[in-house]
Asker: 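One structure coming up, written as structure tokens, with questions to follow.
Values below: every heavy atom of this structure, side chains too, minus hydrogens, waters and symmetry copies.
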Amino acid sequence: MYISQQIAANAVNQVLSGRNLTLALPEALSAFPDATPQQRGAAADLSYGTLRYYGETNAYLTCLLEKPLTDDRIYTLLLVAIYQLLHDKADAFTVVNQAVHAVSQFRKPTPKQWAKGLVNAILRNFLRRKDEFAAKLARTEVATYSYPQWWINKLKVQYPGHWQSILVAGNQHPPMTLRVNTKKISIEEYLQLLVRQDIEASHIGGQAVVLTKPVAVEKIPGFTDGVVSVQDYGAQLAAQLLDAEAGMRVLDACCAPGGKTGHILELADVQLTAMDSDAGRLQRVQENLSRLQLDAELVAADAAAADWYDGKPFDRILADVPCTASGIVRRHVDIKWLRRETDVASFAAQQAKILPNLWQLLAKGGKLLYVTCSVFNEENQTQVDKFLLQHPDAKQLPLSVDYFKDLTQLNGQLIPSSAHDGFFYALLQKN
Ligand SMILES: C[S@@+](CC[C@H](N)C(=O)[O-])C[C@H]1O[C@@H](n2cnc3c(N)ncnc32)[C@H](O)[C@@H]1O
């Protein structure tokens, strides 16, 4: 266990210094090439768990420290161990002993005996006084919900009736949801295929099938042949709402890694242009399309500029704009700690450039679907309201997907729940 603790402590340390977990974890794993697949899996679970509950674990650690700890490796190792003691099934004394062993493996300059004694004393103190601290921490929202205070405050103002459920949903483990290409196989046939592989699953609506337990992608029947993709249920609404019909010219702006690109093409034979400013991420779109045996024109360009545009208007535009990603924190647990309050305004400013620029490329009568995976209003309806004020040729249409009843609840704001991530959808039509 101590190797997994060490890897997780390194990954968490990097995230707390500002790096994405998707970059930090592989790098932390690469420093332990001899780690077994089981140790690597455990390290990933510990990294995600520690960051999911960082507000809480950090609050406990602050109670336990008499003075600030200057060695951040020991600090994050303690966070990982406290996370295990609070949320993991592992035996408490094994967790403590392994953490003491892990700290003894650190290279200089930390004196080993001092570090081992400190880790041992802090964790044993935690076990003795956990209930006393818990009563104290129950009064602080950062420890209770494990989000930054500015985030909690913003949701309280913007969602007086839902803020707690949004915070709680963001700390859950996401389900593994598949999107079935119903042009290739019916939902019933695919469910039978899963039964034959002993994979428990159920159909939740549209093309979405949720697995009772996550499975490695290479073990999902039909994944490599493009029969199914992995995609959140809420994200699967985008292609439905876009309402593209065969033969239409469609622009998928900000398309990478291409989750929605594939779905648009699975639903209708359209002429699709998929663009993203990140050429590296466009490569992933190509890989996804190849797996799905689908085609699109890929363009590396800035959605806030029109220098790449050939002058032929699009009938449909999907604008899946860059955003804080505050609606998908259950999958990207690092976002809660990487984002700053000022980022909300920065993303809103980028979106305010992209949306009017894409609007110029839309045909008369055409529809643009504005999408974010954020729960913050500044990026969502407030952004759309400002756009509507400046664009009299635009009107916002009601949203409807027959099998998905939550959609109209908050005017296109999908509240994160156990079934889906948080998204915002606004469908705009040009007069
Ligand atoms: C929310 S992600 C898109 C997810 C994608 N639509 C999917 O379903 O898989 C936002 C994307 O916007 C891209 N992006 C950010 N700024 C951009 C810009 N100015 N122009 C075009 N793409 C941009 C990012 O590279 C990123 O891939």
Asker: Under the side chain to side chain contact (heavy atoms under 4.5 Å, CB included) rule, what do L78 and I74 come out as? Steps first, then yes or no, please.
Answerer: CA-CA 6 Å; L78 285 166; I74 301 180; 4.0 Å; yes

Asker: Taking side-chain hydrogen bond (donor to acceptor under 3.5 Å, both in side chains) as the definition, give me every residue that meets it alongside S186, ordered by chain and number, with sequence neighbours left out.
Answerer: E189

Asker: As an exercise, state the distance from CD1 of I82 to CD1 of I122, rounded to the nearest 0.5 Å.
Answerer: 7.5 Å

Asker: Please identify each residue that fulfils ring-ring contact (aromatic ring centres under 6.0 Å, His included) with Y75, with sequence neighbours left out.
Answerer: none

Asker: Is the backbone of F223 close enough, under 3.5 Å, to the side chain of R291 for a donor and an acceptor to pair up by distance?
Answerer: yes

Asker: Specify the closest pair of heavy atoms between R73 and T76, including all atoms of both residues, with the distance to one decimal.
Answerer: O-OG1, 3.3 Å

Asker: Before giving the answer on side chain to side chain contact (heavy atoms under 4.5 Å, CB included), spell out for Q383 and Y370 the whole-Å C-alpha distance, their side-chain angles and the decisive distance to 0.1 Å.
Answerer: CA-CA 10 Å; Q383 181 75 266; Y370 176 84; 3.4 Å; yes

Asker: Backbone N or O of T94 within a donor-acceptor pair of the N97 side chain at under 3.5 Å?
Answerer: no

Asker: Only distances under 3.5 Å count here; give the side-chain donor-acceptor pairs of residues 7-16 to other protein atoms, sequence neighbours excluded, each with its distance to 0.1 Å.
Answerer:
from: Q14; atom 1: OE1; to: R19; atom 2: NH1; distance (Å): 2.7

Asker: Using ring-ring contact (aromatic ring centres under 6.0 Å, His included) as the criterion, list what pairs up with H420, not counting sequence neighbours.
Answerer: F404

Asker: Between T372 and S374, do the side chains contain an N or O donor and an N or O acceptor separated by less than 3.5 Å?
Answerer: no

Asker: For L155, run the side chain to side chain contact (heavy atoms under 4.5 Å, CB included) check against Y147, F376, W150 and tell me which one passes.
Answerer: F376

Asker: Do E379 and Q351 pair up side chain to side chain, a donor and an acceptor below 3.5 Å, judged on atom types alone?
Answerer: yes

Asker: Identify, with sequence neighbours excluded, every residue that meets side-chain contact (heavy atoms from CB on, under 4.5 Å) alongside A44.
Answerer: L25

Asker: Do E141 and Q149 have side-chain atoms, one donor and one acceptor, less than 3.5 Å apart?
Answerer: yes

Asker: For residues 352-362, run the donor-acceptor check on the side chains, cut-off 3.5 Å, and write out each pair with its distance to 0.1 Å, sequence neighbours left out.
Answerer:
from: N357; atom 1: OD1; to: Q360; atom 2: NE2; distance (Å): 3.0
from: N357; atom 1: ND2; to: A303; atom 2: O; distance (Å): 2.7
from: N357; atom 1: ND2; to: A305; atom 2: O; distance (Å): 3.0
from: W359; atom 1: NE1; to: D393; atom 2: OD1; distance (Å): 3.2
from: W359; atom 1: NE1; to: D393; atom 2: OD2; distance (Å): 3.2

Asker: For T382, check side-chain contact (heavy atoms from CB on, under 4.5 Å) against everything at least two apart and list the hits.
Answerer: N377, K386

Asker: From I199 CD1 over to I220 CD1, what is the distance, rounded to the nearest 0.5 angstrom?
Answerer: 7.0 Å

Asker: Would you tell me whether S346 and Q350 have side-chain atoms, one donor and one acceptor, within less than 3.5 Å of each other?
Answerer: no

Asker: Could you grab the distance from atom CG of L65 to atom NZ of K67, nearest 0.5 Å is fine?
Answerer: 10.5 Å

Asker: Quick check: closest heavy atoms across C63 and L137, and the distance to 0.1 Å?
Answerer: SG-CD2, 4.0 Å

Asker: Stepwise, does the side chain to side chain contact (heavy atoms under 4.5 Å, CB included) test hold for R52 with H173?
Answerer: CA-CA 10 Å; R52 184 171 281 126; H173 286 264; 3.1 Å; yes

Asker: I'd like to check the ring-ring contact (aromatic ring centres under 6.0 Å, His included) partners of Y145; sequence neighbours left out, ordered by chain and number.
Answerer: W163

Asker: Could I get the full list of side-chain contact (heavy atoms from CB on, under 4.5 Å) partners for A134, not counting sequence neighbours?
Answerer: Y60

Asker: How about NZ on K156, more than 12 heavy atoms from neighbouring residues, nucleotides or ligands closer than 6.0 Å, or not?
Answerer: yes

Asker: Is it true that the side chains of Q207 and E266 contain a donor and an acceptor less than 3.5 Å apart?
Answerer: no

Asker: With no hydrogens and no angle check, do the side chains of Q84 and Q5 hold a donor and an acceptor under 3.5 Å apart?
Answerer: yes

Asker: Side-chain polar contacts of residues 254-262 - donor-acceptor pairs under 3.5 angstrom, sequence neighbours left out - could you list them?
Answerer:
from: K260; atom 1: NZ; to: D320; atom 2: OD2; distance (Å): 2.6
from: T261; atom 1: OG1; to: D252; atom 2: OD2; distance (Å): 2.6

Asker: State whether a side-chain donor-acceptor pair under 3.5 Å links T144 with R139.
Answerer: no

Asker: Salt bridge (charged side-chain N to carboxylate O under 4.0 Å, His left out) with D232: which residues, sequence neighbours excluded?
Answerer: R330, R331

Asker: Nearest 0.5 Å, what's the CG-CD distance between L388 and Q396?
Answerer: 6.0 Å

Asker: Report the C-alpha distance between N380 and Q413 in whole Å, list the side-chain angles of each, state the deciding distance to 0.1 Å, and finish with yes or no for side chain to side chain contact (heavy atoms under 4.5 Å, CB included).
Answerer: CA-CA 8 Å; N380 297 343; Q413 179 66 64; 2.8 Å; yes

Asker: Is it the case that more than 12 heavy atoms not belonging to Q172 sit under 6.0 Å from its CD atom?
Answerer: yes

Asker: Under the salt bridge (Lys or Arg N to Asp or Glu O under 4.0 Å) test against E132, which residue among R128, R129, K136, K130 passes?
Answerer: R129

Asker: Do the rings of Y83 and H87 sit parallel, tilted or perpendicular, given the 30° and 60° boundaries?
Answerer: parallel

Asker: Check side-chain contact (heavy atoms from CB on, under 4.5 Å) between E287 and all other residues, then give those that pass, not counting sequence neighbours.
Answerer: Q283, R284

Asker: Of all heavy-atom pairs between Y233 and A208, which one has the smallest distance, and what is that distance?
Answerer: CD1-CB, 3.4 Å

Asker: Please report the shortest heavy-atom distance between V228 and P221, naming the atom on each side.
Answerer: CG2-O, 3.6 Å

